[in-house]
Amino acid sequence: MPMNGLREILQAVVVEQQNQSPFDYLELQMEDILGNGGILKELVHSGVGPPVPQNASVLMHYSGFLEYSDQPFETTTHLKHPPLMKLGRDVTLMGMELGLLTMRKGEFSRFLLQPHYAYGHMGCPPLIPAASRVLFEIHIVDFMDSGQVDEFVQLTLGEQNEFPVSRVMEVVDTLRSFGNRCFNQSRYEKAKERYKQALELLGNRENASDGEQTAIQAALLPLYLNLALAELRLDSPKKTLKYAKKALDINGDSAKALYRCAQAYVELRDYESAHACLVKAQARKPFDSNINNLLKTVTVGYKEHLDKESDLYKKMFPGWNKTPDDDARQ
């Protein structure tokens, strides 16, 4: 967040020795988005695409400032990943929510909120004094229209099946995008929930035509692969194997599904099965570095495993694996 820009503006008030407060000075270069002076906006960096829709989930960084302070009372800029916040649930300030509805993907803006659009005349002691104006700097990384997902999943099965399969696919794609966002933030349980919710919607589809069934199978494949990887990150190799095999049922030539199976088998110390899966995967993608590297590791591990097994049998059964010449030499 360009906090230095805000600091320079606040310092300019002092330098110019105007009789205005810092926020009064900022108001001069801001737009009144409601027409009543309650929420003022300064566009610092333009975004692209359509504005944020109502009930969307927004991936954003933000910082909140009180007047005469260049240090935020609340900020997300220290976080490795920006939080995904749903309007009307995670975003609780009316002014922030209304401001977000004017923003686009990639946009960075400042919003000056009057008390009745922020923390009210009571404030939020001890952090926010009574009747405080607050300034928010907001950067939208991305957003997803989760409103359509919420509406669709609340329908009965019969109502869902009245919609064309294309509508189901839109909802499924949004859920998968949610899951991917959570996965990239290492929130694997949340990612798994989204993927499974998408699976359930596809499974609820009744009386699908051949063409629709083909589309459903195509949508199921990445979901099973994503679930397999999520379970692998959650140290559940048996569940990883379960979903990877479901992916193979859809596409037996999927190198990625074979690779996921191999990863699960390695965790389960079934090196023979892992080796078999990787050989098949390598035949389909001979130059894939992940497949080739794991195959080398598994080959070494498999040999060590066989050597240990052989040594164990020799200790348990002294006469095991001997030739007649071995006896003659004793």
Side-chain angles (χ1 to χ4, degrees), residues 33 39 41 47-62 64 74 76 79-109 111 117 136 138-205 215-216 218-227 229-230 233-234:
I33 65 173
I39 304 174
K41 175 180 179 178
V48 296
V52 174
Q54 289 188 347
N55 300 316
S57 291
V58 185
L59 198 69
M60 65 178 185
H61 274 305
Y62 67 90
E74 181 180 8
T76 65
L79 300 176
K80 182 179 179 181
H81 301 289
L84 185 65
M85 305 181 71
K86 183 170 177 56
L87 301 187
R89 186 187 66 193
D90 303 317
V91 180
T92 56
L93 290 185
M94 184 191 303
M96 180 184 282
E97 182 165 358
L98 292 174
L100 285 168
L101 294 176
T102 70
M103 298 184 70
R104 304 171 190 274
K105 180 180 177 180
E107 179 179 328
F108 176 83
S109 289
F111 295 92
Y117 284 102
F136 276 96
I138 301 176
H139 173 219
I140 291 187
V141 178
D142 200 357
F143 65 83
M144 285 168 280
D145 188 358
S146 54
Q148 66 165 343
V149 174
D150 298 335
E151 293 173 5
F152 194 82
V153 297
Q154 289 173 3
L155 299 174
T156 66
L157 296 184
E159 290 171 333
Q160 289 179 8
N161 279 283
E162 290 177 1
F163 285 91
V165 72
S166 58
R167 174 66 185 279
V168 181
M169 293 306 173
E170 288 177 5
V171 176
V172 166
D173 285 344
T174 301
L175 283 169
R176 184 157 60 89
S177 296
F178 268 113
N180 292 345
R181 287 291 186 187
C182 293
F183 186 93
N184 291 336
Q185 295 179 359
S186 302
R187 298 163 61 200
Y188 304 123
E189 281 289 354
K190 286 291 184 182
K192 186 171 77 169
E193 288 176 14
R194 296 296 188 176
Y195 298 145
K196 293 184 79 169
Q197 192 176 18
L199 281 181
E200 185 177 354
L201 289 181
L202 291 172
N204 289 341
R205 192 70 183 178
I216 289 172
L220 283 171
L221 181 60
L223 287 171
Y224 284 136
L225 289 171
N226 289 355
L227 271 166
L229 186 56
R233 294 288 187 270
L234 291 168

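Residue numbers count from 1 along this sequence.
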Undergrad: If you take all heavy atoms of K105 and V141, which pair is closest and at what distance?
TA: CG-O, 3.5 Å
Undergrad: Less than 4.5 Å apart, any side-chain heavy atom of R233 and any of F183?
TA: yes
Undergrad: So, S109 side chain and I138 main chain: donor-acceptor pair closer than 3.5 Å or not?
TA: no
Undergrad: Is any side-chain heavy atom of L157 closer than 4.5 Å to one of Q160?
TA: yes
Undergrad: Measure across H61 and T76 and return the closest heavy-atom pair with its distance rounded to 0.1 Å.
TA: ND1-OG1, 2.8 Å
Undergrad: Should R104 and V48 be marked as a side chain to side chain contact (heavy atoms under 4.5 Å, CB included) after you check the CA-CA gap, both sets of side-chain angles, and the distance that decides it?
TA: CA-CA 6 Å; R104 304 171 190 274; V48 296; 5.9 Å; no
Undergrad: For D145 and Q54, which heavy atoms make the closest approach, and how far apart are they?
TA: OD1-O, 4.3 Å
Undergrad: Verify, without hydrogens or angle tests, whether T156 (side chain) and E159 (backbone) share a donor-acceptor contact under 3.5 angstrom.
TA: yes
Undergrad: With F143 as reference, evaluate P53, S57, P51 under the side chain to side chain contact (heavy atoms under 4.5 Å, CB included) test and give the passing residue.
TA: P53
Undergrad: Are the side chains of L202 and M169 in contact, using a 4.5 Å heavy-atom criterion?
TA: yes
Undergrad: If I take atom CG from residue L155 and atom CG from residue D150, how far apart are they, to the nearest 0.5 angstrom?
TA: 11.0 Å
Undergrad: How far does CE of M85 sit from CD of E97, to the nearest 0.5 angstrom?
TA: 10.5 Å
Undergrad: Which heavy-atom pair separates C182 from A191 by the least distance, and what is that distance?
TA: CB-N, 3.7 Å
Undergrad: How about F163 and F152: are their ring centres within less than 6.0 Å of each other?
TA: yes
Undergrad: Would L223 and R176 count as a side chain to side chain contact (heavy atoms under 4.5 Å, CB included) if you check the C-alpha gap in whole Å, the side-chain angles of each, and the deciding distance to 0.1 Å?
TA: CA-CA 7 Å; L223 287 171; R176 184 157 60 89; 3.8 Å; yes
Undergrad: A side-chain contact here means heavy atoms from C-beta on lying under 4.5 Å apart; do M60 and V52 qualify?
TA: no
Undergrad: Can you tell me how far the CG atom of L87 sits from the CG atom of L101, to the nearest 0.5 Å?
TA: 6.0 Å
Undergrad: So L100 and F111, do their side chains get closer than 4.5 Å, heavy atoms only?
TA: no
Undergrad: Is it the case that more than 12 heavy atoms not belonging to K86 sit under 6.0 Å from its NZ atom?
TA: yes
Undergrad: Could you check whether any side-chain heavy atom of Y62 comes within less than 4.5 Å of a side-chain heavy atom of E74, counting everything from C-beta outward?
TA: yes
Undergrad: Under the side chain to side chain contact (heavy atoms under 4.5 Å, CB included) rule, what do E189 and L234 come out as? Steps first, then yes or no, please.
TA: CA-CA 8 Å; E189 281 289 354; L234 291 168; 3.9 Å; yes
Undergrad: Are R181 and H81 side-chain neighbours, meaning at least one heavy-atom pair lies under 4.5 Å?
TA: no
Undergrad: Enter the distance from L84:CG to R187:CZ here, rounded to the nearest 0.5 Å.
TA: 6.5 Å
Undergrad: Minimum heavy-atom separation for V153 and Q197, please, with both atom names.
TA: CG1-NE2, 3.6 Å
Undergrad: For T174 and M144, work out which heavy atoms get closest and say how close.
TA: O-SD, 4.3 Å
Undergrad: I need the L225 CG to L220 CG distance, nearest 0.5 Å.
TA: 11.0 Å
Undergrad: Measure the CG-OH distance between N180 and Y195 for me, rounded to the nearest 0.5 Å.
TA: 3.5 Å
Undergrad: Begin from the C-alpha positions of L98 and Y117 and carry the test side chain to side chain contact (heavy atoms under 4.5 Å, CB included) through to its verdict.
TA: CA-CA 9 Å; L98 292 174; Y117 284 102; 4.0 Å; yes
